[in-house]
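Below: one structure, written as structure tokens.
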Amino acid sequence: MNPPRWESLNEYERGLLLKALLENKLGSANTRLHVLLVLLTGRSLESISNTLVVHNRSQLPKTFTDPERIYLIRGDQAWASAVPEPPERRKLEAEWAPHMEVSENKFIAPIPDAYWQILGSRVESATKRVRKKSGILFAKNLSTESVAEELSIEIKKLNKLTGARITLKRIQTCVFEGLIHQTSDTVDASLVTGRKLPTGQSANLYYHTRAVEILAADYVDVVNAWLVNLGLSSQSMAPTNLDFGLPRVGSPFCVRLEVMRDVVSRLRVQIAEYRKTAYSRASIRKFHNLFTAYAILQVMWSTGFRAVRDPIAYPYEFNERRGFVIITDKVDDNLGHSRLVYLPELVVDQLRRYEAHRQHINLRLNEIGVEASAETFFVFLDAKFQPELATPKRLADEIQWTFPWPLNVNRHTLRGFLRDQGVPGYLVDVFMGHWGVGTEPLAKYSSLDLFDMKSWIVPATAALLDALGFGVEAGLDA
């Protein structure tokens with residue numbers, strides 16, 4: 001039976017490999033450097049053969065395109081690379097950009113001293129030969145095939161001597177697996193290592209955004225722990241410079257919180273104005289429609305609801321007493337993709353107020369002979385006071401004057417915010433509705449603890465709503 005982490009080296013095997021590298025016992029210097037960089041970056045042997053060196057960060061290219069190409073930065077004792085991109089991403093319109101967090105696709109991480117002692121002299125000599133912005137680490141006449149052949153021989157000797165099962169593939173996955181163990185987030189691990197996620201998980205990458213210094217700190221914790229386990233280092237010996245002046249990496253559709261707070265403020269001011277004048281039929285309709293849009297936005301920003309029809313399809317899908325809502329915003333292979341999301345008390349109270357308002361509106365409409373029989377929880381009213389379904393277009397039309405971006409920027413903002421709040425990656429995936437066949441969080445053999453999930457998610461979403469200035473607004477029944 002294979003061990004749980006068969007794809008990666010176990011602690012014993014990793015220790016054997018590091019000891020061989022530190023004692024210069026794994027073939028030639030070129031082979032040892034290749035192995036060390038494969039281990040530290042998670043890139044392939046072929047990619048490592050094309051490693052470039054620069055004196056400082058100013059010599060790095062302005063635009064990174066290839067996640068497989070790495071740069072060693074002598075002045076910062078660090079390495080840099082592009083982060084992977086999802087297969088498709090919507091273009092960020094120029095007029096939206098000022099409202100979004102600045103993001104790039106460049107990742108930089110420091111290299112702890114013990115590893116730099118192996119790399120430093122070669123990097124130093126390589127940078128002396130740099131005539132332009134960057135130079136090569138390995139000679140052009142050094143073939144990847146010859147390095148792979150020598151490495152295969154050396155690994156076989158080490159395995160035979162120790163009984164280990166070291167392979168190049170398992171060396172390459174060490175950082176990826178270490179970061180998953182550290183963060184419980186495959187997307188963070190993918191951003192650092194450049195490893196492409198399976199098709200079913202690529203949506204996680206589409207929405208995710210993360211600060212480079214946080215990714216770098218997690219990375220340093222992982223690679224420095226390997227040395228600590230060998231007694232070769234201590235946590236205090238990790239490089240302290242994690243701020244390379246870089247913006248976040250990932251999705252460009254993460255709304256700046258102060259911008260969204262201004263949106264919410266304008267909505268609440270307008271609701272208050274409409275409430276004061278809600279006497280005529282037209283003014284009652286205007287208040288109701290904006291009040292409905294405001295309540296829907298609260299649900300979207302506290303549940304990660306995708307911008308599809310009917311955030312809460314039926315009233316019974318909102319459980320006021322237990323404080324959760326059933327979100328159904330996607331269809332999978334089993335013709336369903338529902339998830340249970342616990343709500344902050346603020347949203348529970350707002351939905352309670354909305355239900356009371358709906359009942360009041362129905363009574364007033366009945367008085368003037370209008371049937372308001374809509375089964376869905378949220379409903380807009382047209383010019384003839386007939387119910388309109390809460391579609392993305394209808395919602396966008398109602399708030400376009402203050403919310404001009406795609407509605408699903410809530411999901412782009414939420415995923416990174418939840419991770420910044422310390423919510424484990426696997427719980428963020430459940431919250432966002434990101435899972436594949438066989439990993440359904442509420443399936444028969446799932447071990448998901450809903451109360452544990454609630455204890456993580458609710459404080460984080462409550463903090464977001466507070467930061468955005470959401471509050472409970474009363475309907476016309478008050």
Side-chain angles (χ1 to χ4, degrees), residues 264 267-268 271 275 287-330 336-366 372-381 387-391 395 398 410-411 414 418 423 427 430-433 441-442 448-478:
V264 174
L267 285 171
R268 298 187 70 181
I271 287 173
R275 186 186 293 111
F287 174 86
H288 170 80
N289 286 343
L290 190 60
F291 185 56
T292 298
Y294 178 78
I296 291 175
L297 281 179
Q298 272 204 25
V299 172
M300 292 181 68
W301 284 81
S302 59
T303 66
F305 177 78
R306 295 174 174 90
V308 297
R309 199 180 81 174
D310 298 329
I312 303 176
Y314 303 103
Y316 61 78
E317 293 183 348
F318 166 50
N319 190 316
E320 179 184 336
R321 185 169 67 88
R322 296 187 182 275
F324 68 76
V325 66
I326 301 298
I327 295 295
T328 306
D329 55 5
K330 184 179 178 181
H337 200 89
S338 300
R339 63 187 187 275
L340 183 153
V341 181
Y342 284 98
L343 302 169
E345 186 58 36
L346 171 72
V347 184
V348 173
D349 196 10
Q350 183 64 71
L351 294 180
R352 185 188 302 121
R353 297 288 186 93
Y354 184 80
E355 283 188 302
H357 165 82
R358 274 286 306 275
Q359 293 172 8
H360 176 78
I361 287 292
N362 289 345
L363 290 175
R364 296 184 68 167
L365 291 178
N366 287 335
S373 56
E375 295 182 354
T376 58
F377 190 91
F378 293 110
V379 63
F380 291 100
L381 296 175
E388 290 184 300
L389 295 176
T391 63
L395 174 61
E398 192 64 39
N410 65 314
R411 291 174 61 78
L414 264 164
L418 292 179
V423 180
L427 290 180
V430 173
F431 173 86
M432 298 285 289
L442 298 179
L448 177 69
D449 185 334
L450 289 176
F451 292 102
D452 182 51
M453 180 176 177
K454 179 180 180 180
S455 69
W456 280 105
I457 294 293
V458 171
T461 52
L464 177 60
L465 294 183
D466 181 64
L468 298 181
F470 276 106
V472 177
E473 291 290 340
L476 294 182
D477 62 300

Worksheet, complete the sentence: Heavy atoms of Gln350 and Glu473 approach each other most closely as OE1-N, 2.7 Å
Item to complete: Over 60° means perpendicular and under 30° means parallel, so classify the ring planes of Phe470 and Tyr294, tilted if in between.
Response: tilted
Discussion item. Before you tell me yes or no, could you show the steps for Leu448 and Leu427 under side-chain contact (heavy atoms from CB on, under 4.5 Å), namely the whole-Å CA-CA distance, both residues' side-chain angles and the distance that decides it to 0.1 Å?
Written reply: CA-CA 9 Å; Leu448 177 69; Leu427 290 180; 3.7 Å; yes
Practice prompt. Determine whether Val299 and Leu343 make a side-chain contact, defined as any pair of heavy atoms from C-beta on separated by less than 4.5 Å.
Written response: no
Practice prompt. Look only at the side chain of Arg353 and the backbone of Val472, and say whether a donor-acceptor pair between them is shorter than 3.5 Å.
Written response: no
Worksheet item: Any sub-3.5 Å donor-acceptor pair from Arg411's side-chain atoms to Gly304's backbone N or O?
Response: yes
Practice prompt. Answer yes or no: is there a side-chain heavy-atom contact under 4.5 Å between Leu468 and Asp466?
Written response: no
Worksheet item: CZ/Arg306 to OG1/Thr328 distance, rounded to the nearest 0.5 angstrom?
Response: 11.0 Å
Worksheet item: Can you check whether Phe451's main-chain N or O pairs, donor with acceptor, with Asp449's side chain at less than 3.5 Å?
Response: yes
Worksheet, complete the sentence: Tightest non-hydrogen contact, residues Ile327 and Pro311, listed as CD1-O, 3.8 Å
Discussion item. For Thr292, run the side-chain contact (heavy atoms from CB on, under 4.5 Å) check against Phe380, Phe287, Phe377 and tell me which one passes.
Written reply: Phe380
Worksheet item: Does Phe305 offer a backbone N or O that forms a donor-acceptor pair with the side chain of Asn410 under 3.5 Å?
Response: yes
Fill in: Minimal non-hydrogen separation, Thr461 against Pro344, with atom names
OG1-CG, 3.3 Å
Item to complete: List the steps and the verdict of side-chain contact (heavy atoms from CB on, under 4.5 Å) for Leu297 and Val264.
Response: CA-CA 9 Å; Leu297 281 179; Val264 174; over 6 Å; no
Discussion item. Less than 4.5 Å apart, side chain to side chain, heavy atoms only: is that true for Leu465 and Ser302?
Written reply: yes
Fill in: Side-chain donor/acceptor of Asp477 to backbone N/O of His360, under 3.5 Å
no
Worksheet entry | 4.5 Å side-chain heavy-atom contact, Val423 and Phe431 | no
Practice prompt. For residues Val379 and Arg358, determine if any side-chain heavy atom of one lies less than 4.5 Å from a side-chain heavy atom of the other.
Written response: yes
Discussion item. A quick test of your reading: do over 12 heavy atoms of other residues, nucleotides or ligands sit less than 6.0 Å from CZ of Arg268?
Written reply: yes
Discussion item. Working to the nearest 0.5 angstrom, can you tell me the gap between Ile361 CD1 and His288 NE2?
Written reply: 6.5 Å
Worksheet item: Can you check side-chain contact (heavy atoms from CB on, under 4.5 Å) on Asp310 and Ile312, steps first, answer last?
Response: CA-CA 5 Å; Asp310 298 329; Ile312 303 176; over 6 Å; no
Discussion item. Is there a side-chain contact between Gln298 and Leu351 in this structure, where contact means two heavy atoms from C-beta onward sitting under 4.5 Å apart?
Written reply: no
Practice prompt. Could you grab the distance from atom CZ of Arg364 to atom CG of Leu476, nearest 0.5 Å is fine?
Written response: 6.0 Å
Worksheet entry | Smallest separation among heavy atoms of His357 and Gly475, with atom names | ND1-CA, 3.6 Å
Practice prompt. Decide if atom CZ of Arg352 counts as having more than 12 heavy atoms of other residues, nucleotides or ligands within a radius under 6.0 Å.
Written response: yes
Discussion item. Return the CG to CG distance between Leu418 and Leu464, rounded to the nearest 0.5 Å.
Written reply: 7.5 Å
Fill in: Side chain proximity check, Val325 to Tyr342, heavy atoms < 4.5 angstrom
no
Worksheet item: Which heavy-atom pair separates Leu395 from Met300 by the least distance, and what is that distance?
Response: CD2-SD, 3.7 Å
Discussion item. A side-chain contact here means heavy atoms from C-beta on lying under 4.5 Å apart; do Val348 and Phe318 qualify?
Written reply: yes
Item to complete: Would you name the heavy atoms of Arg339 and Val430 that are closest together and state the gap between them?
Response: CD-O, 3.5 Å
Worksheet item: Any chance the rings of Phe378 and Tyr354 have centres within less than 6.0 Å?
Response: yes
